[in-house]
Amino acid sequence: MTAADPAPYRALVHPAGTRRIDVIDQRALPHACTTIGIDDADTAALAIRAMWIRGAPLIGAVGAYALALALDDDAGDAGLARAHQALDATRPTAVNLRWALDRVVAAVSPLPAEARAAAAWREADAIAAEDVAANHAIGGHGLRLLRELAARRPGPVRVMTHCNAGALATCGWGTATAPIFLAHAEGIALHVFVSETRPRLQGANLTAWELRQRGIPHTLFVDGASGLLMQRRDVDIVIVGADRVARNGDVCNKIGTYDKALAAADNGVPFYAAVPSPTLDPALASGAMIPIEARDADEVLSVAGVDRQGRAARVTVAPAGTQVVNYAFDVTPARLVTGLITERGVAVASAEGIGALFPERMR
Ligand code: MRU
């Protein structure tokens, strides 16, 4: 594992010389690791909307490639605007998608139509490469926190995480997992507490799989257990990802993150969000303005997995017709966040803190 080659698997690859991307079909994990080739914009949009791929930075990068695919077919102004709008509507909460789409539009708009598609592919490649570098830098800053904890008491550093902010959510190392992967590579003993993350089980299906791939000790727990684990002093630090961070430092992430931050604050456990700069949204004054995705009731009414014969199955877990609320994300107020681990260092979760590291974003 090196900075250039962060993972034994890659969630997204653009094979050199092609106009195609290959993505891991995350719906099949942890039971199978299969790759899907995507060579048209509609399929790329479906991959985002139907969560074949997911995770804020990965959604952004796939969105950028999807726009390049759209421009392969129609590079006129109307086609560009239509594709931007359609892709932007696929998932509402992670700001990385809008950020990446806007960036591609800004790069290609001044160009003649015949030059736009190639420029969009170059921009998408740059977005993906910058994500790998940002992951690695976040890993380095988070590693320092883990080293300090390792020096403080004997035994493994016990890290709690939520959902999947791993390599599968990015183009490289992951965000919340990057410090973990670097610390493990450095020989720091770790134990990762992974929350299941109902309803879609990204913790159980994806984060547990990633940790197993690397041989990092971990324990899976049901979402409701995070408070008890912290009360029992089983956790030294919480590190989660983020889908959007408002100007004041409020952190929007997978539903259940707020509960963990509350329990962490009540038990004196430091709570960090790993935040690459495309996840910052300084246009929104506070987290209350962040659009929260509401998803299908069936995700809550049923659970998908494989049976003991290895056959895919979805089983119902509540009476048919039960009313459901299925918000996919929540907002953790900045006051509960110990720090934002960014590619430029650890920021205080506030406008001043973010502005100190990213002054150009706060104007
Ligand atoms: O609904 P998902 O699986 O796309 O949600 C993912 C998360 O909430 C992650 O924690 C977040 O995107 C950060 S990924 C580096």
Side-chain angles (χ1 to χ4, degrees), residues 6-7 11-12 23-27 29 47-63 90-100 128 130-132 134-139 142 160-181 194-207 209-210 223 238-245 251-261 271-281 287 290-296 299-300 326-332 337 340-343:
L12 166 67
V23 299
I24 292 178
D25 181 356
Q26 300 194 24
R27 298 167 302 173
L29 286 168
I48 299 171
R49 192 170 45 249
M51 295 181 67
W52 307 358
I53 65 96
R54 28 64 54 204
L58 187 63
I59 291 170
V62 171
T90 51
R91 290 198 75 190
T93 299
V95 72
N96 306 60
L97 177 59
R98 170 74 66 85
W99 171 87
E130 286 168 27
D131 186 49
V132 179
N135 290 177
H136 191 252
I138 285 169
M160 178 180 285
T161 192
H162 185 49
C163 192
N164 174 265
L168 290 167
T170 66
C171 301
W173 300 76
T175 57
T177 56
I180 294 168
F181 295 160
V194 181
S195 58
E196 277 186 308
T197 321
R198 273 283 285 156
R200 292 188 67 97
L201 297 169
Q202 290 96 326
N205 290 343
L206 307 177
T207 303
W209 182 81
E210 291 203 50
D223 292 324
V238 181
I239 309 180
V240 298
D243 290 85
R244 197 186 290 232
V245 174
V251 172
C252 181
N253 189 50
K254 180 54 56 189
I255 193 83
T257 301
Y258 175 39
D259 310 41
K260 287 175 180 58
F271 178 97
Y272 288 89
V275 182
S277 56
T279 306
L280 299 171
D281 189 355
I290 296 174
I292 302 291
E293 178 177 11
R295 295 187 59 84
D296 202 275
E299 290 184 349
V300 179
N326 186 15
Y327 292 122
F329 300 95
D330 63 23
V331 175
T332 298
V337 179
L340 307 173
I341 311 173
T342 77
E343 68 267 36

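Atoms within a ligand are numbered from 1 in the order they appear, just like the ligands themselves.
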- prompt: Under 4.5 Å between any side-chain heavy atoms of Cys163 and Val240, yes or no?
  reply: no

task: Measure from the side-chain N and O atoms of Arg49 to the backbone N and O of Arg91, and report whether any donor-acceptor pair falls under 3.5 Å.
output: no

query: Given side chains that start at C-beta, do those of Val275 and Thr175 come closer than 4.5 Å, heavy atoms only?
result: no

- prompt: Are any of the side-chain nitrogens in Asp281 or Arg244 under 4.0 Å away from the carboxylate oxygens of its partner?
  reply: yes

Ile53 and Ile48, any side-chain heavy atoms less than 4.5 Å apart: yes

- request: Measure the CG-OG1 distance between Leu12 and Thr170 for me, rounded to the nearest 0.5 Å.
  value: 9.5 Å

For ligand 1, what N or O to protein N or O distances fall under 3.5 Å?
{"unit_1": "ligand 1", "atom_1": "1 (O)", "unit_2": "Arg91", "atom_2": "NH1", "d": "3.4"}
{"unit_1": "ligand 1", "atom_1": "1 (O)", "unit_2": "Arg91", "atom_2": "NH2", "d": "2.9"}
{"unit_1": "ligand 1", "atom_1": "1 (O)", "unit_2": "Lys254", "atom_2": "NZ", "d": "2.7"}
{"unit_1": "ligand 1", "atom_1": "3 (O)", "unit_2": "Arg54", "atom_2": "NE", "d": "2.8"}
{"unit_1": "ligand 1", "atom_1": "3 (O)", "unit_2": "Arg54", "atom_2": "NH2", "d": "3.3"}
{"unit_1": "ligand 1", "atom_1": "3 (O)", "unit_2": "Gln202", "atom_2": "NE2", "d": "2.9"}
{"unit_1": "ligand 1", "atom_1": "4 (O)", "unit_2": "Gly55", "atom_2": "N", "d": "3.0"}
{"unit_1": "ligand 1", "atom_1": "4 (O)", "unit_2": "Arg91", "atom_2": "NH1", "d": "2.8"}
{"unit_1": "ligand 1", "atom_1": "8 (O)", "unit_2": "Asp243", "atom_2": "OD1", "d": "2.8"}
{"unit_1": "ligand 1", "atom_1": "8 (O)", "unit_2": "Asn253", "atom_2": "OD1", "d": "3.2"}
{"unit_1": "ligand 1", "atom_1": "8 (O)", "unit_2": "Lys254", "atom_2": "N", "d": "3.4"}
{"unit_1": "ligand 1", "atom_1": "10 (O)", "unit_2": "Asn253", "atom_2": "OD1", "d": "2.7"}
{"unit_1": "ligand 1", "atom_1": "12 (O)", "unit_2": "Ala56", "atom_2": "N", "d": "2.9"}
{"unit_1": "ligand 1", "atom_1": "12 (O)", "unit_2": "Asp243", "atom_2": "OD1", "d": "3.3"}
{"unit_1": "ligand 1", "atom_1": "12 (O)", "unit_2": "Asp243", "atom_2": "OD2", "d": "2.8"}

